[in-house]
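Everything quoted here is computed from the prediction, not taken from an experiment.
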Amino acid sequence: MPPRLLLVLPRGGFFLPRLPRRSPALSSLPRSIPSTKRPGTFVSPTIRAFSGYSGMAAGSPEQQQRSLVVRETVELTEKEELIFRRLLAVVRHFGLGTQLRVAGGWVRDKLLGKDSADIDIALDNMTGQHFCEKVNEYLGLMGEKQKAVGVIQCNPDQSKHLETARMLVFDIWIDFVNLRSEKYAENSRIPTMEVGTAEEDAYRRDLTINSLFFNINNNSVEDLTGRGIEDLKKGLIVTPLPTKDTFLDDPLRVLGAIRFGNFKHLPVVLQAARFNFTLAEDLKEAASDERVKSELGSKISKEHIGHEIDLMMSDKHPVKAMCDIRDLGLFYIVFSFPENPDPPVFDKCDWQCVSHIEAAWNIANSIGSSLFSSAKLQDEQRRLFLYSALFIPLRNMVYLDKRSKKVPVSSYIIKQSLKLKTSDAETVANMHAASVKFAELVLLLEHNVDVVTLRENLEDEYLEIPTDSVKRVLAGLDEVSKLKPVLDGKSIMGVMQVKSGGPLIGKWQQRALKWQLAHPDGTVDECIEWIKQSQSKRQKVESGT
């Protein structure tokens, strides 16, 4: 019998699902979309036209079945045509001789039939700042208002290797950067950048599907690696240069490849079909290489790793990403554990963690957005829900921090291994603690348990709970944050005749809430009387009278 899992949801619900099996890939998809606008020719390094490309991927039968619909033209919106005409006018007016190319993700998305506002322009003979200055000079000659130019300096520590100039063109932010080649020094993931050709720039890209250009000057798609279009049609994630060398140059690309393997930019129809890109076999081998894994752990900052994991959790296929991390042997590098956890890390811990997030994802999809409290909070709540599910197998595992304090291992991973917010770690720890209470609650409501023992655990020297109210109090404690207290802290201070709060008042607030749950029809005056009687009884005991 497969294991059963208790999942605690952000709104306090719980489920006991069986762990689902992985869903198979789709067997087939349509192979062509008719074009309605002017054609753009696919240009390879030999300027070979792709206009007659059939769309059927070569390779294994599985790859052939997974062929994607890739358009044979880039269909521009009216705004995009307006922007590109303006930029070409600048080139012609000043005789710059510049080839203007849109790079990367915009081209990929357009070929998949998805609009994108992320327009990055690559320039072959000048810097982005210089070209922006020419755009402003042209605007002045045309009697139009010049635009502010922002220059984003390169910052290798933040994975920003290129200096980029940015300006508004017809109300759309456009990034401008010159074509580059890059060289990596040994033991560094920070490349030395030099001016390069379009082909050199294409080969330095992380993936072949991100190496495509749209040449604005001649209205053509350029596939300068000779693989971008084919790999896009196959739904294949592969690097332009030898994969192991690419990963050793910058090991963070391993996580980038996994994230793109769970491609969030697919057209809506494909997203609805839950269709995922596939990691190439040589990419899997390179990512699993012991040297690559070692350098991912030593070269890459925890902040960068955490950022990539957070993006995966927010994407369309977080479970697939976690499965890839596990299958590639990267789980304990990405989610590094503290020394000497108690109990020790158990065998197949990574498999159990991924199984739990898979079950949680299945539940979230079956319920839909109603699982979370509001549209505004859905993304954040889903993110924390998934982290909580991923680390459920670790919920009883702790370690001793520098002050010899017991801390949940999940908190260490979130705060130290991923460098995420302290509040994230606290929320996950609280959800894990709540899951134990919910498990007890399920047993309480479904079985004949020892109510007397439960009552003894809930009571203290000041509070006696009627036997018939024990279940109500225990169940209500998990929703107590939504309950309007019959007495607030200030009122309790008045009853007890103290001038300041502190731990003592906090304890009495908790007692008052338990009393309120045990006496649902109780009034404010009755609660005050109970506190006074409790205090009087305590004083008599202490005085011996």
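Summarising the geometry, atom CZ belonging to Phe391 is positioned 4.5 Å from atom CD1 belonging to Ile413; distances are rounded to the nearest 0.5 Å. Atom CD of Glu81 is separated from atom CZ of Phe84 by 9.5 Å, given to the nearest 0.5 angstrom. Asn210 CG to Arg205 CZ: the interatomic distance, rounded to the nearest 0.5 Å, is 8.0 Å. Once rounded to the nearest 0.5 Å, the distance linking CG of Leu232 with CD of Glu230 reads 11.0 Å. Atom NZ in Lys244 sits 6.5 Å away from atom CZ in Arg291 (nearest 0.5 Å). One finds the CE atom of Met313 at 4.5 Å from the CE atom of Met322 (value rounded to the nearest 0.5 Å).
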- Item | Stepwise salt bridge (Lys or Arg N to Asp or Glu O under 4.0 Å) check, Arg180 with Asp201 | CA-CA 5 Å; Arg180 302 292 181 97; Asp201 194 280; over 6 Å; no
- Before giving the answer on salt bridge (Lys or Arg N to Asp or Glu O under 4.0 Å), spell out for Glu75 and Arg71 the whole-Å C-alpha distance, their side-chain angles and the decisive distance to 0.1 Å. CA-CA 9 Å; Glu75 298 179 8; Arg71 296 188 175 190; 2.9 Å; yes
- Item | Worked verdict on Ile209 versus Leu236 for side chain to side chain contact (heavy atoms under 4.5 Å, CB included) | CA-CA 8 Å; Ile209 62 173; Leu236 192 63; over 6 Å; no
- Query: Yes or no on side-chain hydrogen bond (donor to acceptor under 3.5 Å, both in side chains) for Asn215 and Glu222, after CA distance, side-chain angles and deciding distance?
  - Reply: CA-CA 7 Å; Asn215 190 313; Glu222 298 174 337; 3.0 Å; yes
- Phe247 vs Lys293, side chain to side chain contact (heavy atoms under 4.5 Å, CB included): CA-CA, chis, key distance, verdict: CA-CA 9 Å; Phe247 287 168; Lys293 290 194 289 187; over 6 Å; no
- Go through the steps for Glu133 and Asn136 under the test side chain to side chain contact (heavy atoms under 4.5 Å, CB included), then give the verdict. CA-CA 5 Å; Glu133 291 170 353; Asn136 267 335; 5.8 Å; no
- Apply side chain to side chain contact (heavy atoms under 4.5 Å, CB included) to Val107 and Phe213, showing your working. CA-CA 6 Å; Val107 188; Phe213 292 115; 5.5 Å; no
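Relative ring orientation between Phe337 and Tyr332 is described as tilted, the plane-to-plane angle lying within the 30° to 60° band. Ring geometry, Trp106 versus Phe214: the interplanar angle falls from 30° to 60°, so the pair is classed tilted. Ring-plane geometry between Phe131 and Phe176 is classed as tilted, the angle between the planes lying from 30 to 60 degrees on a 0 to 90 degree scale. Between Phe331 and Phe335, the ring planes lie tilted relative to each other; the angle falls in the 30° to 60° range.
Counting all heavy atoms, side chain and backbone alike, Leu179 lies closest to Ala122 at CD2-CB, 3.5 Å. Nearest heavy-atom pair, Ala257 versus Ile237, reported as atom, atom and distance to 0.1 Å: O-CG2, 3.7 Å. Closest of all the heavy-atom pairs between Ala202 and Pro240 is O-CG, 4.0 Å. Residues Ser410 and Val428 share a closest heavy-atom pair of OG-CG1, 4.2 Å. Considering all non-hydrogen atoms of both residues, Gly329 and Ile333 come closest at O-CD1, 4.3 Å. The heavy-atom pair separating Cys323 from Val354 by the smallest distance is SG-CG1, 3.6 Å.
Here the side chains of Gln352 and Ile392 are not in contact, with every heavy-atom distance at 4.5 Å or above. Inter-residue side-chain proximity for Phe94 and Leu141 is flagged as met; some heavy-atom pair is nearer than 4.5 Å. Within the 4.5 Å cutoff, side-chain heavy atoms of Leu330 are placed close to those of Val254. The side-chain heavy atoms of Val238 and Arg227, taken from C-beta on, include a pair separated by under 4.5 Å. Side chains of Leu207 and Asp231 form no contact here, defined as non-hydrogen atoms less than 4.5 Å apart. Looking only at side-chain heavy atoms (C-beta outward), Met312 and Leu255 come within less than 4.5 Å of each other. Side-chain contact between Val102 and Ile216: present, with at least one pair of heavy atoms (C-beta onward) separated by less than 4.5 Å. Between Leu111 and Leu212, some side-chain heavy-atom pair lies under the 4.5 Å cut-off.
Using a cut-off of 4.0 Å between Lys/Arg side-chain N and Asp/Glu carboxylate O, Arg326 and Asp350 are scored as not salt-bridged. Between Glu80 and Lys110 there is a salt bridge, since a side-chain N of the basic residue sits under 4.0 Å from a carboxylate O of the acidic one. Ion pairing between a basic and an acidic side chain is recognised when a charged N comes within 4.0 Å of a carboxylate O; Glu281 and Lys284 show such pairing. Using a cutoff of 4.0 Å between basic side-chain nitrogens and carboxylate oxygens, Asp424 and Arg383 are scored as salt-bridged. Arg86 has a carboxylate O that lies under 4.0 Å from a charged side-chain N of Glu144, or vice versa, which qualifies the two as a salt bridge. The existence of a salt bridge linking Arg204 and Glu200 is excluded, since no basic side-chain nitrogen approaches an acidic carboxylate oxygen closer than 4.0 Å.
For the pair Asp223 (side chain) and Ile229 (backbone), a donor-acceptor distance under 3.5 Å is present. Between the side chain of Asn430 and the backbone N or O of Ala425, no donor-acceptor pair lies under 3.5 Å. Ser314 places a side-chain N or O within 3.5 Å of a backbone atom of Asp310 that can act as its donor or acceptor partner. Proximity of a side-chain donor or acceptor of Ser417 to a complementary backbone N or O of Ser336 within less than 3.5 Å is detected. One N or O on the side chain of Asn125 and one on the backbone of Leu96 form a donor-acceptor pair closer than 3.5 Å. Judged by distance alone, with hydrogens and angles left aside, the side-chain atoms of Lys302 form no donor-acceptor pair with the main-chain N or O of Val334 at under 3.5 Å. Distance alone, capped at 3.5 Å, places no donor-acceptor pair between the Arg166 side chain and the Val149 backbone. A donor-acceptor contact shorter than 3.5 Å is absent between the side chain of His356 and the backbone of Pro393. A side-chain donor-acceptor contact under 3.5 Å links Ser298 to the backbone of Ser294. For the pair Asp315 (side chain) and His317 (backbone), a donor-acceptor distance under 3.5 Å is absent.
Here the options are Thr239, Thr246, Asp245, the test is side-chain hydrogen bond (donor to acceptor under 3.5 Å, both in side chains), and the partner is Thr243; only Thr239 passes. Among Leu390, Leu386, Ile309, the one residue that satisfies the side-chain contact (heavy atoms from CB on, under 4.5 Å) test with Pro318 is Leu386.
A donor-acceptor contact under 3.5 angstrom links the side chains of Ser220 and Asn218, judged on distance only. Under the 3.5 Å distance criterion, with hydrogens and angles disregarded, a donor-acceptor pair is assigned to the side chains of Ser301 and His304.
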